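Being a predicted model, the structure only gives us computed values, none of them experimental.
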Amino acid sequence: MYRFVLFLKRIGYVFLFIVIEVIAFRYYSDSSGYNQARTLNIANNLTGNIYSAFADVRQYFYLGKENKRLTEEVAGLRAELSRYEDESRFFSDIILPESLAVYSYMTAKIINNSLNRAENFMTLNKGSRDGVKINSAVISDGAIAGYVMDCDNKFSVAISVLNTKFKTSGKLKGKNNSSGSVFWDAKHYDEMVFTEIPKYAEIAVGDTVITTEFSSRFPEGIHIGTVKSFELINGTYYEARLEIMAKMGGLNNVVLVYYNDMDEKISLEENYR
C-alpha cells in the first residue's frame with residue numbers, strides 16, 4: 001500500500017497536467033463555433049489516419065490471397081481469349097466449345113524452386129488429378145519460367161529455364177520476327193543466351209525477345225527476356241545475352257498453359273524425322 005501511495009505521488013503531477021490539458025482543450029473547443037469545427041476536423045483527421053493505418057495492415061496480410069485471386073483471373077481471361085481468337089478465325093456466330101480451344105489454362109503455386117545448380121527444377125502444388133499435363137508451359141507474370149516434365153496425382157515437377165537442358169525458340173519482337181535458339185549456359189542465374197540470329201536482323205540492346213510459333217510448349221508472343229548485349233559470330237550470325245524477364249528467384253503463383261493438339265502434332269511430325 002505504501003508503494004502504491006509513492007507511485008501516485010510520482011505520477012500525480014503528470015496526471016494533474018493531463019487533466020488540466022483536457023479541461024483547457026475542452027474549454028477551447030467549446031468557446032466558439034469556429035473552434036468547435038476546427039477541433040472536430042482535427043479529430044476526424046486523426047481518426048481517419050488511424051483507420052487508414054489499420055486498413056493498410058489488413059491489406060498487407062491479404063496480399064497473398066489477392067495475388068492468387070488475380071492469377072486465377074488472368075488464367076481464366078487467357079482461356080477466354082484463346083477461345084475467342086480461335087472462334088474468330090473459323091466461326092463468326094457461335095461460341096467455341098472448351099474442348100476445341102487451342103490452349104488450356106490453369107493456375108498453380110511453386111512450392112520448391114532450385115537456383116544454384118546446372119540443372120534446376122521447380123515443384124508445383126498441383127498434379128494429374130488437378131488436370132496438369134506433361135509439357136505444360138509455366139508462365140510467370142507474362143514470361144516463360146519453364147515447362148512441366150513429370151507429374152503424379154498431387155504434384156508436378158517442371159524444368160526451369162535455368163537448366164542447361166532447357167531450350168526453346170525465340171524471336172525479336174517487332175524486328176521482322178528474326179528468330180533463333182534460346183538456352184541457358186549456367187553462367188548467370190538472371191541471363192540466357194539467344195543465338196543463331198540471322199546477321200541481317202536489326203538487333204539492338206533493349207530489344208524484347210518473345211516465343212515463336214514453332215514451339216509446341218509455349219504459345220507465341222510470350223516474353224522471354226530483353227537484349228543486354230550481342231556480337232556477330234564468325235560473320236555469319238548474331239549471339240546475344242538476354243536478361244530473363246521472369247523473376248526466377250521470386251516465383252510464387254504461376255499459370256500453366258497446355259497446347260491441346262500437342263500429342264497429335266508430335267505424333268505426325270515423328271513420321272518425318
task: Calculate, to the nearest 0.5 Å, the distance between atoms CG and CG belonging to Leu162 and Asn120 respectively.
output: 5.5 Å
- prompt: Would you call Arg241 and Asp185 a salt bridge, using N to O less than 4.0 angstrom?
  reply: yes
- request: Starting from the C-alpha separation in whole Å, work towards a yes-or-no answer on side chain to side chain contact (heavy atoms under 4.5 Å, CB included) for Val132 and Met106.
  value: CA-CA 8 Å; Val132 177; Met106 66 181 300; 3.9 Å; yes
task: Would you please name every residue forming a side-chain contact (heavy atoms from CB on, under 4.5 Å) with Glu220, sequence neighbours left out?
output: Lys171, Glu213
field: Test side chain to side chain contact (heavy atoms under 4.5 Å, CB included) applied to Val254 and Ile110, step by step
entry: CA-CA 7 Å; Val254 296; Ile110 303 296; 3.9 Å; yes
Any side-chain heavy-atom pair of Phe230 and Tyr238 under 4.5 Å: yes
query: Can you get from Phe155 to Val157 by hopping between Ile, Leu, Val, Met, Phe, Trp and Tyr side chains that sit under 4.5 Å apart?
result: no
message: Quick one, Phe166 and Thr164 - any side-chain contact, counting heavy atoms below 4.5 Å?
response: no
query: Is Glu239 close to Val193 at the side-chain level, that is, under 4.5 Å between some pair of heavy atoms?
result: yes
field: Spacing of Arg117 atom CZ and Asn163 atom CG [to the nearest 0.5 Å]
entry: 10.5 Å
- prompt: Do Met122 and Met245 share a hydrophobic cluster, counting only Ile, Leu, Val, Met, Phe, Trp and Tyr and linking them when any side-chain heavy atoms are less than 4.5 Å apart?
  reply: no
- request: Please examine the side chains of Val102 and Asp261, heavy atoms only from C-beta on, and report whether any two atoms are closer than 4.5 Å.
  value: no
field: Residue pair Arg217 / Met262: nearest heavy atoms and the distance that separates them
entry: CA-CE, 4.0 Å
message: With a 4.5 Å cut-off on side-chain heavy atoms, are Leu124 and Leu256 touching?
response: yes
query: Which pair of heavy atoms, one from Leu115 and one from Met248, lies closest together, and at what distance?
result: CD2-O, 3.6 Å
task: Using a 4.5 Å cut-off on heavy atoms from C-beta on, say whether the side chain of Trp184 contacts that of Val161.
output: no
- request: Kindly assign one of parallel, tilted or perpendicular to the pair Phe218 and Tyr147, based on the angle between their ring planes and the thresholds 30° and 60°.
  value: perpendicular
- prompt: Linking I/L/V/M/F/W/Y whenever their side-chain heavy atoms sit closer than 4.5 Å, directly or via other members, would Phe121 and Val138 fall into one cluster?
  reply: yes
task: Could you tell me whether a side-chain N or O of Lys126 sits under 3.5 Å from a main-chain N or O of Gly131, the two making a donor and an acceptor?
output: no
query: Looking only at heavy atoms, what is the nearest atom pair of Tyr258 and Ile134, with distance?
result: CE1-O, 3.5 Å
- prompt: Is there a chain of hydrophobic side chains (I, L, V, M, F, W, Y, each step under 4.5 Å between heavy atoms) that links Leu232 to Leu242?
  reply: yes
statement: Ser104 and Asn260 have their tightest heavy-atom pair at OG-OD1, 2.7 Å
- prompt: With sequence neighbours left out, what residues match Asp207 under side-chain contact (heavy atoms from CB on, under 4.5 Å)?
  reply: Leu172, Lys175, Ile203, Ala204, Val227
query: Should Asp141 and Lys247 count as side-chain neighbours, where that means a heavy-atom distance under 4.5 Å?
result: no
message: Using the rule that Ile, Leu, Val, Met, Phe, Trp and Tyr join whenever any side-chain heavy atoms are under 4.5 Å apart, tell me whether Ile244 and Ile222 fall into a single cluster.
response: yes
message: Looking at every heavy atom in both Gly235 and Lys199, which two are closest together, and how far apart are they?
response: O-CD, 3.4 Å
message: Tyr237 vs Ile197, test: side chain to side chain contact (heavy atoms under 4.5 Å, CB included). Steps then yes/no.
response: CA-CA 5 Å; Tyr237 65 90; Ile197 311 164; 5.7 Å; no
- prompt: Rounded to the nearest 0.5 Å, how far apart are CD of Glu191 and OH of Tyr189?
  reply: 10.0 Å
message: Quick one, Asn135 and Tyr259 - any side-chain contact, counting heavy atoms below 4.5 Å?
response: no
message: Show the nearest heavy-atom pair for residues Asp130 and Lys154, with the distance to one decimal.
response: OD2-O, 4.2 Å
